[in-house]
Each structure stands twice: as structure tokens, then as C-alpha cells.
2 protein chains.
Amino acid sequence: MTVETKERQAIRRSSNVPAYSQLADILEQQIAVLTDAERQRALPSEGDLSRQYGLSRITVRQALKSLETKGLVYSAQGRGSFPTVPRVKGISGFHSFTAEVRRNGQEPGSVILATDEVDGLPASVTEKLPVAEGENGPQVHLRRLRLIDGLPIAIEDAWLPKALFPDLAPADFSDGSLYSLLADRWGLEPAWTDALIEPGLANAEVSRLLKIAEDDPVLVAWRVTVTAEDKVFERVRSIYRPGFSLRVARYRLG
Amino acid sequence: MTVETKERQAIRRSSNVPAYSQLADILEQQIAVLTDAERQRALPSEGDLSRQYGLSRITVRQALKSLETKGLVYSAQGRGSFPTVPRVKGISGFHSFTAEVRRNGQEPGSVILATDEVDGLPASVTEKLPVAEGENGPQVHLRRLRLIDGLPIAIEDAWLPKALFPDLAPADFSDGSLYSLLADRWGLEPAWTDALIEPGLANAEVSRLLKIAEDDPVLVAWRVTVTAEDKVFERVRSIYRPGFSLRVARYRLG
DNA sequence: GTTGACAGGTTGTTATGACATGCTAATGTG
DNA sequence: CACATTAGCATGTCATAACAACCTGTCAAC
């Protein structure tokens, strides 16, 4: 990768954002616009980056390591560090629906079908997603219909623990991205997710909402999302319309 | 976590296995047997581990970081490092089928339906899993029926690039774990996978092989697996029987 | 022409040291 | 007793330093 030597972005040492994080952001941004062919060439070496940005090598390595963890680059001893080549495209269903659809250049939509508060999780959820002790307290329940370019894509039931989000009220769901609200008001962000995916057939209600035929094949995904500190963020059941693919990108093996 | 002070495992400095990796293995092993309740307690602090194993703090942190990347622990500033609590159980379909089923205490089985060599990937595969330039050379194709406790679970079609595995012959597939063979003979291991999962209906052939009814709902998974150096390891299409859940565990968000 | 040794550059590993930041529990004060 | 302060300990960040392990291209020797 060729890095422009003039007007290169600099690391702000006064910022409260760590230097390695700033460097990772800069590199991620530069990598994002590369073509597949350009990804064959190595990034600047750790020594070069160290000199160019006035950082120690350990800090540069920390930045590269964080990109490697995200699956954006890999390092090869004796050769250098290289960008990876994206292998699939589409919607994962694991990140923010709104953000993900928009990044694909499509228009996301969301219709709230119901909101309420319940004392504990439904049995159907706890069967699929085992609940650790003390995790089955009061929950806020949210039922949404997800749309892409106006077409109904999925029915989503989400349960959020009131213990983690005090004062969260059904009224908060009226507009905007739910994840953004939770990040802004409680400073909590999803870090990991565990999911179960199984095949199903559309019943009367599902076929009506998704505008498909009864007994059409659908995907049913059960998902529990946790924060970096392993606290349950939300539990979700999603039913996806036929023809829709769920993407699982950059899943780490081993 | 309480660590036994007597007969504690030691780090072998003469080994060619890095110290941080040895420590990570020791900790992983200790964590694996903890109950959910025990996972509420912090691991020994970085300073303690540093003194106990005679390693610098940076090395201890490297070990903890590798466990964090695998989703086994998390660290909280000012409090300590903690094991995470597993949230789902089941078969992911992403790792070695043989190993994963066995770990669940069940008996895996595999019937080879066909093996052959083809000049390029079928169009159905390249449609779902885009192919970078130079990646569509000769392939070894393998079709297997997967069994758990004798019950047919999935039909798997795998394509492995001959460029990456010279001298790989259909005869090699006769017995044992395919992943083990590839690791032993070419020193290559899968590191990441990208997948697309979609709903489908069983056609005549699928229903016959999986012993289900025609038009039963099935999961169809398209998967490309790459090595740590981002080289395509294999491409797989799997068709799973109804009632079988695909597990996606510890998927990193953000 | 092929092979081998080698130089130079790259990432991998590890140590020591320092300071910043955040959490917890004990302490002290009202 | 209730509450604010603080000391101590935890992880987070970053620098400097050194050597190991590995890859590639060059060039000499065969």
C-alpha cells in the first residue's frame, strides 16, 4: 500500500483516544478503499509506521493486532502485514440492522409492532438460550418488523434486561437506532454474540406480516448479545423471509 | 479462581512454544473446568501471574489477550480479569465436524458419496461466495453425508484448491478427519470462515439422503474457510436436516 | 543452470520501567 | 451511623531495548 507522505494524518497525543486506536482507525480507513489487487501488497512495515507516526513499535503492533482481531489484516513473519480480501457480502443480522442496511446502499425501515414489560423471559427463549442465575429478572420486550427498501425482511422479538438499563421505557423505542440510544445513555455496547439458527415454516401470522405464503421456508435465529464485560445486553428471536441470506463474516476458528 | 500453589505447572523456557502461549494453555485448561458460579471470581492478577510463573507482565498480558480474543476471558480496568460464561451449546458446523460432535459426547459418522477433480468451481458456488482473481483453478471435490449417532444430519459438498494442497488425491479422503490430514501434511489450519445461511426445502435427492420428507424445511449454508494468511482453504455447501440448529458462538461484533 | 551461503529486512518474543486510569474497601470525619 | 476521602491495587497505555525466527533476493561456487 502506498501511503501519501504529504498531509498524512497525525496522531493527537492530547486526545483521550489512545494512540494505537487512532492509528488503527487511520489504517482501517486507508485499507477500506483498496481494491482486491492492491491488497496483495504489504502495508508499511512496523518500523516505517513507527517512524512515520512517531510511535514506538509496541504501539504500532498494538494497532495492527487490533485490526488482525477484527479480521482486516494479517501478519506474516519475515514478509510483512497485509490486508485481507473480503469473501462475502450481505446482511449479517448481528450488528445494527439500520447501520448495516445503509452501508449496503439500501434503505432500512422499522415498524414497532408491540412494546411491553415482562417479569421474566418466555420459556421459548430460555430453552434455546440457557440463562445463568440471576439473569432472568424483569425485561423490556420489543417486537419489530424490519424492512429493506419497503420490503418486510424479518420479525424481531427483543428482550432487554431492566437490570442493565434502568429507566429504559417502551417509549424510548419510538425512533432512531436502538443501539445508538443504549450506547449514548448507558455507555454500553455489544461486543460478542452467540446464536442458534434453525429452519422453520411460516405460520399464519408470520406469512401475513412478511407477506409470504404459509409454509414458506424461513430462517429462525435465536441470539444473545453480551457486552465486553460479559453482561447480557439483549436476547433476540428473528424470523427471516425466504430468499434472505444471513451472513456470518469473519468468524474465528480454533 | 483459586490456583493450587503446589505442583503448579511451570513454563518451559527451553521449549519452542512461546511462554505466553504456554501460559494461555495452562489458564485455558484451568478455566475450562470452572462452574458458572466460580466464573464470577477474578483470575489471579497480572502481577500475581507474573511473579508465580516468572514472566514479565507484558508476557502475562499477551497470554490474557489471546484468551480474550478467543472469547474465554475479559478484563476490567481496576477490577481484574474474569472468565466468561458460555451462552449456547450445540454444533457450530464451522469447526471439525468429527471433533465437535465427539466433544458433545455423541458419535460422529461420515459416508463419502463421491470424490472427483474439477477444473473450476461450479457457478452455484461462485455466485454465493465471490472468487478473487486466480482463485478459481483446479479443485478437489468431496461429497459427504454427515451422521450423528447414525442419524443423517447433513449433506456436505467441499471444494479444496489443488494450488494450496499439491498431491491431494481423492484417495486421501478414505478415513479420518480431513482437517487433521491437511494440518499434518501441509501444515495448514483454518483460521477464519465467512458464511451465508439461507432457508430451503428438501428436494427428492436431499429427502432420500437425509431420510426426511420432500419439502421439509432445511438449512443451506455456504461457507468459505481461509488460513491465518487469508488463503482459501476450502469452500463448502452444507444442507442440514430440519430440527438441527446451527450454532454461532462467540462472534465478535463491532 | 542449479545450489548454497549470506545479507538485509520483516515480524515474533520478552524484559524493564513508568505513568495514567479506574475500582474497591478501609479510613476518617461529620 | 452515614457519607466523603483516600490508599492500595487492578488493568490500560506507551517507551526503549534486545535478540530470535523467518523470508526474499543476490551473488558466488559448483
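The figures here come from the full heavy-atom set of this structure, side chains too, leaving out hydrogens, waters and symmetry mates. The chains referred to below are lettered A, B, ... by the order of the sequence lines, with proteins before strands, and numbering in each begins at 1.
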Taking atom [atom1] as the centre, does [X] end up with more than 12 heavy-atom neighbours from other residues, nucleotides or ligands that are less than 6.0 angstrom away?
X	atom1	value
Lys231(B)	NZ	no
Glu189(B)	CD	no
Asp116(A)	CG	yes

Next on the checklist: Filter on salt bridge (Lys or Arg N to Asp or Glu O under 4.0 Å), then keep only pairs touching residues 13-24 of chain A, sequence neighbours left out; what's left?
Outcome noted: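 Pairs touching residues 13-24 of chain A that pass the test: none.
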
Next on the checklist: Once you measure the plane-to-plane angle for Tyr251(A) and Phe94(B), does it fall in the parallel (<30°), tilted (30-60°) or perpendicular (>60°) bin?
Outcome noted: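 It falls in the tilted class, 30° to 60°.
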
Item to check | Positional range of nucleotides in DNA chain C within the contact set of chain A, heavy-atom, under 4.0 Å | outcome: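 Here the contact window of chain A covers dG9(C) to dT13(C).
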
Item to check | Qualifying residues under salt bridge (Lys or Arg N to Asp or Glu O under 4.0 Å), relative to Arg250(A), sequence neighbours excluded | outcome: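 Applying salt bridge (Lys or Arg N to Asp or Glu O under 4.0 Å) to Arg250(A) gives Asp194(B), Asp230(B).
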
Checklist entry - Taking only residues two or more places apart in sequence, or in another chain, which ones meet Glu100(B) in a salt bridge (Lys or Arg N to Asp or Glu O under 4.0 Å)? => result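 Partners of Glu100(B) under the salt bridge (Lys or Arg N to Asp or Glu O under 4.0 Å) test: Arg247(B).
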
Item to check | Residues in contact with DNA chain C, drawn from residues 72-81 of chain A - heavy-atom cutoff 4.0 Å | outcome: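 Residues of residues 72-81 of chain A that come under 4.0 Å of DNA chain C are, in numerical order, Ser75(A), Ala76(A), Gln77(A), Gly78(A), Gly80(A), Ser81(A).
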
Checklist entry - Which comes earlier along DNA chain D counting from the 5' end, the contact point of Gly54(A) or that of Leu64(B), where each point is its nearest nucleotide? => result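 In this pair, the answer is Leu64(B).
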
Checklist entry - Closer to the 5' end of DNA chain D via nearest nucleotide, is it Arg57(A) or Ser21(A)? => result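 Upstream on the strand: Ser21(A).
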
Checklist entry - Under a criterion of less than 4.0 angstrom to any heavy atom of chain B, what are the 5'-terminal and 3'-terminal contacting nucleotides of DNA chain D? => result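 Endpoints of the contacted stretch of DNA chain D: dA10(D) to dT13(D).
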
Next on the checklist: Under the side-chain hydrogen bond (donor to acceptor under 3.5 Å, both in side chains) test against Arg235(B), which residue among Glu135(B), His141(B), Gln139(B) passes?
Outcome noted: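 For Arg235(B), the side-chain hydrogen bond (donor to acceptor under 3.5 Å, both in side chains) test succeeds with only one of Glu135(B), His141(B), Gln139(B), which is Glu135(B).
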
Item to check | Carboxylate-amine/guanidinium contact Asp172(A) Arg185(A), below 4.0 Å | outcome: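 Salt bridge: yes.
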
Checklist entry - Taking atom CZ of Phe233(B) and atom CG of Leu188(B), what is their separation to the nearest 0.5 Å? => result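 Going from the CZ atom of Phe233(B) to the CG atom of Leu188(B) covers 6.5 Å.
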
